[in-house]
Amino acid sequence: MIVCSRCSKENQDHYKFCLGCGAELPRESSKPRSFSAPTPPGGTPSPGRTTNAPQAQAGRAEALASAPHVEVDPTPVQPVRSKPVAVEDPLPPELAPLSDETQPCLHCGSQVPENFRFCHVCGHDLHADASGEASGEGLADAPAERVSAPAVAEAPQPAATRARLVLIQPDGSEGEAFPLSGSNTLIGRGTGGIFANDAYLSPEHAEFRFEGDQLVVKDMESLNGVYIRIEPEVPIELFDGSIFRVGQEIMRFEAPLAPDPAPDGTQHMGSPHRGYLGRISLVIGRDTTGNSYPIPPEGIHLGRERGDVVFPEDGYVSGLHCRVHSEVGHVFLTDVGSSNGTFVRVSNESYVPQGTFVLIGQQLFRAEY
């Protein structure tokens with residue numbers, strides 16, 4: 001037997017770990033010993049008595065040769081088990097006798113008596129396995145409302161992309177695209193991404209949505225507005241206060257309106273307009289205008305090199321860019337085939353046909369859907 005140096009429990013010689021405390025047993029004593037050593041035929045010599053080695057070996061040979069042959073019953077002998085004695089105070093597990101029932105060690109698979117805490121082969125703590133199984137059984141037997149996992153809200157799925165805004169670089173090449181879903185899509189400096197660094201964009205600048213199969217853009221009362229490029233040679237009607245953009249020049253159309261009379265009915269005096277359609281004024285601030293140009297009955301042309309109003313220092317204006325004219329009593333704006341186009345500001349909201357160019361802040365996009 002091997003006596004554990006920690007808890008003084010006796011263990012079998014072939015055990016590697018103590019059954020009482022799980023401590024590793026001394027290595028030099030853990031070597032298995034043979035329990036079936038043959039007894040010498042001449043008996044066991046007593047202390048202080050010597051034998052002649054050659055004669056002893058000869059005697060062993062003669063004894064083995066003359067020994068009768070005995071048939072051994074192969075049936076294993078069943079051990080006699082005594083009934084357990086009831087005691088009032090049961091012994092602690094480390095001092096209790098070996099149990100007839102065994103359990104497998106979950107770590108190494110060895111069969112270990114049930115009343116021992118540690119495996120005699122690997123030293124694994126069997127009570128830890130038992131507590132784990134008990135906790136698992138408790139969860140399995142618990143009511144459904146106690147063991148069911150807490151409900152986790154499903155993450156909202158991103159809306160499917162229905163359209164996109166393709167960025168047009170200053171050299172005319174295409175840049176990255178911004179997706180537009182079937183629901184409302186808000187764009188502005190607060191959106192981040194390609195809009196984050198455009199100082200001309202409001203935090204919430206424009207909103208895109210679909211009405212049936214048509215894309216609609218709405219100006220969210222932004223400071224600098226949303227502009228849509230008009231088709232060449234297709235007149236667009238101008239109303240009092242309409243704003244349009246030619247290159248980097250922003251202009252407002254102002255219709256000739258007679259001032260209201262004074263409270264006592266007196267009319268204001270002024271020079272006759274002689275048929276002028278109105279005037280266009282350069283917008284240099286939200287409520288500030290620069291130079292103004294009257295629009296005669298025959299209309300005016302705008303350009304960088306030719307026309308009634310020229311902008312020679314604006315490289316984005318074509319030589320002859322657009323014209324403002326009158327037809328059947330209404331004032332219209334027509335692009336005459338400029339390279340960079342003429343843009344009209346959206347007053348509230350507007351349809352955006354497929355392939356239309358939209359100017360937001362300092363960025364130009366083409367709508368595709």
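Numbers here are sequence positions counted from 1. Scope of the values below: all heavy atoms of this structure, side chains included, with no hydrogens, waters or symmetry mates. Here the structure is a predicted model, which is why all the values come from computation and not from measurement.
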Original post:
Taking it one step at a time, do R189 and E204 satisfy salt bridge (Lys or Arg N to Asp or Glu O under 4.0 Å)?
Top reply: CA-CA 7 Å; R189 197 173 67 252; E204 295 184 356; over 6 Å; no
Common cluster, [X]/[Y], ILVMFWY with side-chain heavy-atom separation under 4.5 Å:
{"X": "F357", "Y": "I360", "value": "no"}
{"X": "L359", "Y": "V166", "value": "no"}
{"X": "L364", "Y": "Y227", "value": "yes"}
{"X": "I168", "Y": "V358", "value": "no"}
{"X": "I236", "Y": "V336", "value": "no"}

In Å and rounded to the nearest 0.5 Å, what is the [atom1] to [atom2] distance from [X] to [Y]?
{"X": "T356", "Y": "I230", "atom1": "OG1", "atom2": "CD1", "answer": "11.5 Å"}
{"X": "Y276", "Y": "S271", "atom1": "OH", "atom2": "OG", "answer": "11.0 Å"}
{"X": "K218", "Y": "F208", "atom1": "NZ", "atom2": "CZ", "answer": "13.5 Å"}
{"X": "T288", "Y": "L282", "atom1": "OG1", "atom2": "CG", "answer": "12.5 Å"}
{"X": "L238", "Y": "H325", "atom1": "CG", "atom2": "NE2", "answer": "8.5 Å"}
{"X": "E231", "Y": "R229", "atom1": "CD", "atom2": "CZ", "answer": "8.0 Å"}

Original post:
Is there a donor-acceptor contact under 3.5 Å linking the side chains of S338 and N340?
Top reply: no
Original post:
Side chains of N224 and S222: do they bring a donor and an acceptor to under 3.5 Å?
Top reply: no
Does [X] have more than 12 heavy atoms from other residues, nucleotides or ligands lying within 6.0 Å of its [atom1]?
{"X": "E10", "atom1": "CD", "value": "no"}
{"X": "E313", "atom1": "CD", "value": "no"}
{"X": "Y316", "atom1": "OH", "value": "no"}
{"X": "N184", "atom1": "CG", "value": "yes"}
{"X": "E211", "atom1": "CD", "value": "yes"}

Write down the atom of [X], the atom of [Y], and the distance for their closest heavy-atom approach.
{"X": "D335", "Y": "G341", "value": "OD2-C, 3.7 Å"}
{"X": "A206", "Y": "L186", "value": "O-CD1, 3.4 Å"}
{"X": "R366", "Y": "G355", "value": "CG-O, 3.6 Å"}

Original post:
Can you list the steps and then say if L333 with R323 is a side-chain contact (heavy atoms from CB on, under 4.5 Å)?
Top reply: CA-CA 6 Å; L333 171 67; R323 67 189 181 105; over 6 Å; no
Any sub-3.5 Å donor-acceptor pair from [X]'s side-chain atoms to [Y]'s backbone N or O?
{"X": "S318", "Y": "S339", "value": "yes"}
{"X": "H205", "Y": "S202", "value": "yes"}
{"X": "Q214", "Y": "Y351", "value": "no"}

Enumerate, atom names and distances included, each donor-acceptor pair closer than 3.5 Å involving a side-chain atom of residues 295-308, sequence neighbours excluded.
from	atom 1	to	atom 2	distance (Å)
R304	NH1	V317	O	2.3
D308	OD2	H301	N	2.8

Quick one, [X] and [Y] - any side-chain contact, counting heavy atoms below 4.5 Å?
{"X": "F239", "Y": "E237", "result": "yes"}
{"X": "Q169", "Y": "E174", "result": "no"}
{"X": "V352", "Y": "V216", "result": "no"}
{"X": "S181", "Y": "R162", "result": "no"}
{"X": "L165", "Y": "L180", "result": "yes"}
{"X": "V324", "Y": "F332", "result": "no"}
{"X": "D219", "Y": "N348", "result": "no"}
{"X": "V217", "Y": "E207", "result": "no"}

Subject >> Sub-6.0 Å ring centroid separation between F365 and F195 >> reply: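 F365 vs F195: aromatic centres under 6.0 Å.
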Original post:
Can you check side-chain contact (heavy atoms from CB on, under 4.5 Å) on M220 and V226, steps first, answer last?
Top reply: CA-CA 9 Å; M220 304 299 290; V226 179; over 6 Å; no
**OP:** Please confirm whether R164 makes a cation-pi placement over F178, using NZ or CZ under 6.0 Å from the six-membered ring centre and within 45° of the ring normal.
**Re:** no
Return all side-chain donor-acceptor pairs below 3.5 angstrom for residues 244-256, not counting sequence neighbours, or 'none' if the list is empty.
from	atom 1	to	atom 2	distance (Å)
R245	NE	G247	O	3.1
R245	NH2	Q248	OE1	3.0
R245	NH2	Q362	OE1	3.2
E254	OE1	R279	NE	2.5
E254	OE1	R279	NH2	2.9

